[in-house]
Participant: 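I'd like to ask some things about the structure below.
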Amino acid sequence: MSRHEPAVVAGPIHPIVEDWPRFRGVAHRHGLGEVIYAIEGVVSVATGEGTWVVPPDRAVWIPAGVEHTTRSHGPVRFRALFVSPQAEEDFPPRPCVVEVSALLREAIRRFTELPPNETGSDFATCLTRLILAELRFTALPSLELPRPRDPRLVALCDAVLESPAEDIPLEAAATRCGVSRAGFMRLFRTETGTSWGRWCRHARLFAGLTALAEGGSVLSAALDCGYQSPSAFAAAFRETLGRTPREWFGSRE
């Protein structure tokens, strides 16, 4: 995918419209802030701070100058936005996830469908104001995997991502890193801002979500990610993401 950044942004936001059967990009950065959003499909966005998963009711805000990598998990329809420096002043200074309400979704869809001769119209101006207002007021936590910098923790986290079904208790994790249990807890929270148990739960859900997005069943995703039953997987999914797998992806036995 080549999401070309415009040389000049005439208004506060500039649309990106691209559809792909599958996409995996390379690390890059923009001179403009970017709202990465897909009206269909699941996208993950990785920065030096961590990885975010973006299903159709979420978007990721990436400030200008932040290096990031974007990939899809199955077919995807991007309807993203570049944000001008003036509008970006009111946005968060670091990447974050925003909830995409039904109103915001339709506003983005309509804005990206405007013909070139209507981008400066009063209607386009109203849509722009609505989109910016919704983005500002719907920031929320989501499925985020903070990235540690300590090499011992990096190796440990990579092992979990490679084998999400493997259970690594706190004591075993501390032993792998060559520190005490208490020392590991302090180190991990300092590096990631969260606990080891919560990070592992999110890692399993990350693997499950991407498996579902690529066409897998709830049963196979649950078992492959270390859950003993689809119901346990669905409960964890709903607790973290607000909906069950069935509500997001339909019936997949």
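Everything quoted here is computed from the prediction, not taken from an experiment.
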Participant: Roughly how far apart are T175 OG1 and I168 CD1, rounded to 0.5 Å?
Facilitator: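 Rounded to the nearest 0.5 Å, the OG1-CD1 separation comes to 11.5 Å.
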Participant: Does R147 pair with E49 as a salt bridge, N-O distance under 4.0 Å?
Facilitator: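 So R147 does not pair with E49 through a salt bridge.
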Participant: Under a 3.5 Å threshold, yes or no: a donor from one side chain and an acceptor from the other, between S229 and S231?
Facilitator: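 The answer is yes; a qualifying pair exists.
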Participant: Check the pair R152 / V179 against side-chain contact (heavy atoms from CB on, under 4.5 Å), numbers first and verdict last.
Facilitator: CA-CA 10 Å; R152 297 168 296 177; V179 296; 3.5 Å; yes
Participant: For a quick test of reading the model, state the closest non-hydrogen atom pair linking F188 to T194 and the distance between them.
Facilitator: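 Heavy atoms of F188 and T194 come nearest at CD2-O, 3.5 Å.
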Participant: Does a donor on one side chain sit under 3.5 Å from an acceptor on the other, for E144 and T51?
Facilitator: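 T51 and E144 do not have a side-chain donor-acceptor pair below 3.5 Å.
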Participant: Could you label the plane-to-plane angle of the H68 and H30 rings as parallel, tilted or perpendicular, counting under 30° as parallel and over 60° as perpendicular?
Facilitator: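 Rings of H68 and H30: tilted, as their planes differ by 30° to 60°.
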Participant: How many angstroms lie between atom SG of C126 and atom CD1 of I131, to the nearest 0.5 angstrom?
Facilitator: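 Here the interatomic distance stands at 11.5 Å.
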Participant: Specify whether W61 and F91 have parallel, tilted or perpendicular ring planes, treating 30° as the upper limit for parallel and 60° as the lower limit for perpendicular.
Facilitator: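 Aromatic pair W61/F91 classed tilted.
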Participant: Are the side chain of R58 and the backbone N or O of E99 linked by a donor-acceptor pair below 3.5 Å?
Facilitator: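 A pair under 3.5 Å: no.
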Participant: Before giving the answer on salt bridge (charged side-chain N to carboxylate O under 4.0 Å, His left out), spell out for E214 and R22 the whole-Å C-alpha distance, their side-chain angles and the decisive distance to 0.1 Å.
Facilitator: CA-CA 10 Å; E214 292 172 358; R22 187 177 296 271; 3.7 Å; yes
Participant: State, to 0.1 Å, how close L156 and C177 come at their nearest heavy-atom pair, and which atoms those are.
Facilitator: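 Distance-wise, the nearest heavy atoms are CD2-SG, 4.0 Å.
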Participant: I'd like to know if V17 and I13 are part of one continuous hydrophobic network [Ile/Leu/Val/Met/Phe/Trp/Tyr, side-chain heavy atoms within less than 4.5 Å].
Facilitator: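 No; tracing contacts between hydrophobic side chains, which count when under 4.5 Å, never links both residues.
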Participant: Can you see whether S220 engages S217 through a side-chain donor-acceptor pair at a distance of less than 3.5 angstrom?
Facilitator: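 Yes, because at least one side-chain N or O of S220 sits under 3.5 Å from a partner of the opposite role on S217.
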Participant: Looking at side-chain heavy atoms only, is the closest gap between P92 and P63 below 4.5 Å?
Facilitator: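 When only atoms from C-beta onward are counted, P63 and P92 do not touch, as no gap falls below 4.5 Å.
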Participant: Working to the nearest 0.5 Å, report the span between CG of L153 and OG1 of T192.
Facilitator: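 Spacing of CG (L153) from OG1 (T192) equals 8.0 Å.
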Participant: With a 4.5 Å cut-off on side-chain heavy atoms, are F111 and T128 touching?
Facilitator: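 Answer yes - side chains close enough.
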Participant: Measuring from R109:CZ to I39:CD1, what's the distance to the nearest 0.5 Å?
Facilitator: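 Between atom CZ of R109 and atom CD1 of I39 there are 4.5 Å.
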Participant: Ring centroid separation for W20 and F78, is it under 6.0 angstrom?
Facilitator: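 W20 vs F78: aromatic centres not under 6.0 Å.
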Participant: Hey, does Y37 have a side-chain heavy atom less than 4.5 Å from the side chain of L135?
Facilitator: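 No; the side chains remain at least 4.5 Å from each other.
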Participant: Indicate the atoms forming the closest heavy-atom contact of A211 with A221, along with that distance.
Facilitator: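 Taking every non-hydrogen atom into account, CB-CB, 4.2 Å.
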Participant: Would you say the side-chain atoms of R29 pair up with the backbone N or O of G65, donor to acceptor, closer than 3.5 Å?
Facilitator: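 Confirmed, R29 side chain pairs with G65 backbone.
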Participant: Flag yes if L103 and V35 sit in one hydrophobic cluster, no otherwise; membership is Ile, Leu, Val, Met, Phe, Trp, Tyr, and two members link when side-chain heavy atoms are under 4.5 Å apart.
Facilitator: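 L103 does not cluster with V35.
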Participant: Please report the interatomic distance CG(L104) to CG(L130), rounded to the nearest 0.5 Å.
Facilitator: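 L104 CG to L130 CG: 7.0 Å, rounded to 0.5 Å.
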Participant: How close do C200 and V160 get, heavy atom to heavy atom, and via which atoms?
Facilitator: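 Nearest heavy atoms, C200 then V160: SG-CG2, 4.4 Å.
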Participant: Do the side chains of L170 and F184 get nearer than 4.5 Å, heavy atoms only?
Facilitator: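 A side-chain contact under 4.5 Å exists here.
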Participant: Check whether any side-chain heavy atom of S44 sits under 4.5 Å from a side-chain heavy atom of W52, and report yes or no.
Facilitator: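 No. Closest side-chain heavy atoms not under 4.5 Å.
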Participant: Is the closest side-chain heavy-atom distance between V45 and I62 below 4.5 Å?
Facilitator: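 Side-chain contact under 4.5 Å: yes.
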Participant: Do you reckon V154 sits in the same ILVMFWY cluster as L187, going by side-chain contacts under 4.5 Å, direct or chained?
Facilitator: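 Different hydrophobic clusters.
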Participant: What pair of heavy atoms forms the shortest contact from V26 to T69, and how long is it?
Facilitator: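 V26 and T69 have their closest heavy atoms at C-OG1, 4.0 Å.
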Participant: F23 and V43: side-chain contact (heavy atoms from CB on, under 4.5 Å), yes or no, with the steps?
Facilitator: CA-CA 9 Å; F23 163 70; V43 176; over 6 Å; no
Participant: For atom CG of D122, is the number of surrounding heavy atoms from other residues, nucleotides or ligands below 6.0 Å larger than 12?
Facilitator: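 Counting other residues, nucleotides and ligands, CG of D122 stays at 12 neighbours or fewer.
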Participant: Has S163 got a side-chain atom pairing as donor or acceptor with A165's backbone, closer than 3.5 angstrom?
Facilitator: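 Side chain of S163 to backbone of A165: no pair is present.
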Participant: Go through R79 and D19 one step at a time and tell me if the salt bridge (charged side-chain N to carboxylate O under 4.0 Å, His left out) criterion holds.
Facilitator: CA-CA 9 Å; R79 298 297 183 270; D19 300 336; 2.8 Å; yes
Participant: Taking E191 for its side chain and R149 for its backbone only, find out whether a donor-acceptor pair lies under 3.5 Å.
Facilitator: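 A pair under 3.5 Å: yes.
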Participant: Would you say P85 and L32 make side-chain contact, with heavy atoms under 4.5 Å?
Facilitator: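 In short, these two side chains touch, coming nearer than 4.5 Å.
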Participant: Work out which heavy atom in W199 is nearest to a heavy atom in P146; give both atom names and the distance.
Facilitator: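 Here W199 and P146 meet closest at NE1-O, 3.0 Å.
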Participant: For R189 and S195, what are the C-alpha separation, side-chain angles and deciding distance, and is it a side-chain contact (heavy atoms from CB on, under 4.5 Å)?
Facilitator: CA-CA 6 Å; R189 184 168 291 279; S195 68; 3.5 Å; yes
Participant: Does a side-chain heavy-atom distance below 4.5 Å link T47 with E67?
Facilitator: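 No, too far: nothing below the 4.5 Å cut-off.
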Participant: Test D224 against F233 for side-chain contact (heavy atoms from CB on, under 4.5 Å), laying out the working first.
Facilitator: CA-CA 11 Å; D224 290 347; F233 175 60; over 6 Å; no
Participant: Output the distance between atom OG (S121) and atom CG (L114), rounded to the nearest 0.5 Å.
Facilitator: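 Taking OG in S121 and CG in L114, the distance rounds to 6.0 Å.
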